[in-house]
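What you see below is based on every heavy atom in this structure, not just the backbone, and it leaves out hydrogens, waters and symmetry mates.
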Amino acid sequence: MPESTPLHLAVALDGAGWHPAAWREPDAEPAALLTAGYWTGLVQEAERGLLDFVTIEDSLAVQSTHRDRPDDRTDQVRGRLDAVLVAARVAPVTRHIGLIPSVVVPHTEPFHTSKAIASLDYVSGGRAGVRLLAAAWPHETPHFGRREFSDADQSARFIETADYIEVMRRLWDSWEDDAEIRDVATGRFVDTAKLHYIDFEGPWFNVKGPSITPRPPQGQPLVAVLAHVADPIRLAATSADVVFVTPHDEQRARSLHDQVRTEQATADRADEPLHVFADLVVFLDADAGAAADRLARLDDKAGTQYKSDARIFTGTASELADLLVEWQRAGLSGYRLRPGTLPHDLHAITQDLVPELRRRGAFRDHYQADTLRGLLGMSRPANRYTTA
């Protein structure tokens with residue numbers, strides 16, 4: 001009899017891994033970080049492990065040890081590729097795994113993002129999502145020269161992001177599913193009566209629409225948000241499909257899950273699916289002591305102890321499986337694991353953790369759907385503009 005209801009599992013990909021010294025590991029590939037082959041290899045490995053999806057990190061400023069300003073470090077990875085373009089490159093060489101690139105909201109336009117993610121959904125055959133980052137930092141604004149932000153604006157950014165999501169969703173629906181006729185005999189390619197103005201007006205966006213991209217294969221690609229505190233939790237509960245939380249124990253996992261569900265009910269979305277994933281940074285080895293020693297060695301190379309918003313786990317795949325099954329009792333849908341180093345910890349997830357979870361009846365033995373929504377047990381939503 002299975003120990004647990006099957007859970008969902010994802011990985012968060014960032015550079016050479018989440019530890020700042022990961023690029024200096026013997027199996028790291030620092031010279032390949034800006035190549036297509038590097039990213040396709042990582043995502044294909046995640047797909048071999050039957051994972052639900054990968055997220056791909058992005059930013060609007062060069063990486064820094066400080067959240068709100070640049071640094072002068074030369075011993076850490078600096079520079080990255082555009083996450084949406086990476087996902088588009090990876091999509092044709094994968095078949096099942098979901099692709100969720102990150103997009104920073106305040107300096108981008110929802111029209112552009114909706115079109116890019118709709119295109120990704122077409123390229124991937126219905127496996128696209130987007131993770132939206134609401135924060136805006138002073139050192140990013142000089143890259144754009146259009147808006148200035150202060151620390152006092154941060155709470156308002158989440159309200160703006162809710163509007164951003166609403167604009168994207170309306171644009172994804174602005175073409176009805178059968179708007180494209182493609183009838184060579186009559187010479188009609190599109191039924192313009194089935195294209196709709198979205199006429200969104202708000203304090204940040206005034207978007208008429210329709211989109212220039214037909215409705216995506218999933219209807220609505222998934223929207224994901226990372227939430228630590230009240231404002232992003234409220235945003236996720238109001239507007240998202242997946243929320244990533246960062247508990248450090250089962251009690252906190254339960255508390256965060258309950259906060260999300262309370263806000264979801266307040267937003268009158270209690271009957272809509274909203275997945276709650278817990279984030280964990282993982283360092284996995286065949287021996288728990290070896291994993292702890294590896295983290296200590298990486299800290300020595302970095303010159304400081306690694307810290308994270310998420311819990312940092314060191315140990316074996318079996319020990320991690322114990323934790324995942326235990327925390328699932330808090331109501332979590334699954335987990336987004338952040339590999340401490342790549343490719344080592346990704347391989348440990350796919351080749352050690354996944355088989356261990358399968359032995360316990362806690363994870364799938366094959367892909368059971370062809371779309372990301374299908375993998376997460378979510379139906380394709382009806383188009384809001386379709387007339388009877």
Side-chain angles (χ1 to χ4, degrees), residues 47 52-53 82-101 103 108-132 162-202 205-224 239-242 269 271-273 367-388:
E47 186 170 66
D52 290 82
F53 59 84
D82 181 275
V84 175
L85 295 180
V86 168
R89 173 63 182 84
V90 168
V93 295
T94 54
R95 295 182 58 194
H96 301 288
I97 194 166
L99 304 168
I100 302 183
V103 172
T108 62
E109 294 294 333
F111 187 93
H112 295 149
T113 301
S114 74
K115 179 166 65 75
I117 301 304
S119 299
L120 177 61
D121 209 40
Y122 274 104
V123 172
S124 65
R127 295 181 284 124
V130 60
R131 180 200 157 202
L132 296 177
D163 278 4
Y164 192 105
I165 294 170
E166 178 63 18
V167 172
M168 286 199 311
R169 291 196 185 282
R170 290 192 193 186
L171 287 167
W172 287 333
D173 277 352
S174 64
W175 290 55
E176 294 184 34
D177 288 318
D178 57 351
E180 291 180 276
I181 301 171
R182 305 172 187 163
D183 189 333
V184 174
T186 63
R188 294 187 69 204
F189 188 89
V190 64
D191 183 352
T192 55
K194 296 187 175 183
L195 274 61
H196 300 275
Y197 296 119
I198 71 167
D199 291 326
F200 184 93
E201 294 185 6
F205 309 109
N206 289 286
V207 181
K208 189 171 184 64
S211 176
I212 65 170
T213 306
R215 195 173 193 231
Q218 292 183 104
Q220 292 277 321
L222 265 67
V223 175
S239 304
D241 303 296
V242 178
R269 291 187 69 206
D271 294 333
E272 297 181 27
Y367 278 111
Q368 298 165 330
D370 294 326
T371 68
L372 180 52
R373 280 187 165 272
L375 286 177
L376 295 180
M378 304 170 73
S379 61
R380 188 178 190 273
N383 188 316
R384 73 188 70 195
Y385 297 113
T386 300
T387 54

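- To the nearest 0.5 Å, the span separating CD1 on Ile117 from CG on Leu171 amounts to 13.0 Å.
- Atom CZ of residue Phe205 and atom CE of residue Met168 lie 10.0 Å apart, to the nearest 0.5 angstrom.
- Scanning for salt bridge (Lys or Arg N to Asp or Glu O under 4.0 Å) contacts around Asp199 gives Lys208, with sequence neighbours left out.
- With Thr371 contributing its side chain and Gln218 its backbone, the two residues share no donor-acceptor pair below 3.5 Å.
- Considering CG of Asp178 and OG1 of Thr386, their distance stands at 7.0 Å, rounded to 0.5 Å.
- Side-chain contact between Tyr367 and Glu47: present, with at least one pair of heavy atoms (C-beta onward) separated by less than 4.5 Å.
- Counted within 6.0 Å of CG on Asp191, heavy atoms from surrounding residues, nucleotides or ligands total more than 12; the atom is thus considered enclosed.
- Tyr164 and Thr113 share a donor-acceptor pair across their side chains, judged by distance under 3.5 Å alone.
- Summarising the geometry of Tyr197 relative to Pro210, their closest heavy-atom pair is CD2-CD, 3.9 Å, with the distance given to 0.1 Å.
- For the side chain to side chain contact (heavy atoms under 4.5 Å, CB included) test, no residue two or more places apart in sequence or in another chain qualifies with Asp271.
- Although no hydrogens or angles enter the test, the distance criterion places a donor-acceptor pair under 3.5 Å between the side chain of Asn383 and the main chain of Trp175.
- Within a 6.0 Å radius of CZ in Arg384, more than 12 heavy atoms belonging to other residues, nucleotides or ligands are found.
- The shortest side-chain heavy-atom distance between Pro101 and Leu120 falls under the 4.5 Å cut-off.
- Between Asp177 and Arg215 a salt bridge is recorded (basic side-chain N to carboxylate O distance below 4.0 Å).
- Judged by distance alone, the side chain of Arg127 and the main-chain N or O of Thr94 form a donor-acceptor pair under 3.5 Å.
- For the pair Trp172 and Ser114, the minimum side-chain heavy-atom distance is below 4.5 Å.
- Atom-to-atom distance recorded for His96:NE2 and Asp370:CG is 6.5 Å, nearest 0.5 angstrom.
- Atom-to-atom distance recorded for Asp173:CG and Gln220:CD is 4.5 Å, nearest 0.5 angstrom.
- When each of Leu99, Ile165, Val103, Leu222 is checked for a side chain to side chain contact (heavy atoms under 4.5 Å, CB included) with Val130, only Val103 meets the rule.
- Shortest non-hydrogen contact noted between Ala116 and Val84 is CB-CG1, 4.0 Å.
- Between Arg170 and Val207, the closest side-chain pair of non-hydrogen atoms is not below 4.5 Å.
- Side-chain atoms of Arg380 do not come within 3.5 Å of backbone N or O of Arg373 as any donor-acceptor pair.
- Residue Thr213 holds its OG1 atom at 6.0 Å from NZ of Lys115, rounded to the nearest 0.5 Å.
- Scanning both residues, Leu372 and Ala128, for their nearest heavy atoms gives CD2-O, 3.9 Å.
- Residues passing the salt bridge (Lys or Arg N to Asp or Glu O under 4.0 Å) test with Asp121: none are found, sequence neighbours excluded.
- For the pair Val242/Leu376, a side-chain contact is recorded, criterion being any heavy-atom separation below 4.5 Å from C-beta on.
- Looking at every heavy atom in both residues, Pro221 comes nearest to Gly219 through CD-O, 3.9 Å.
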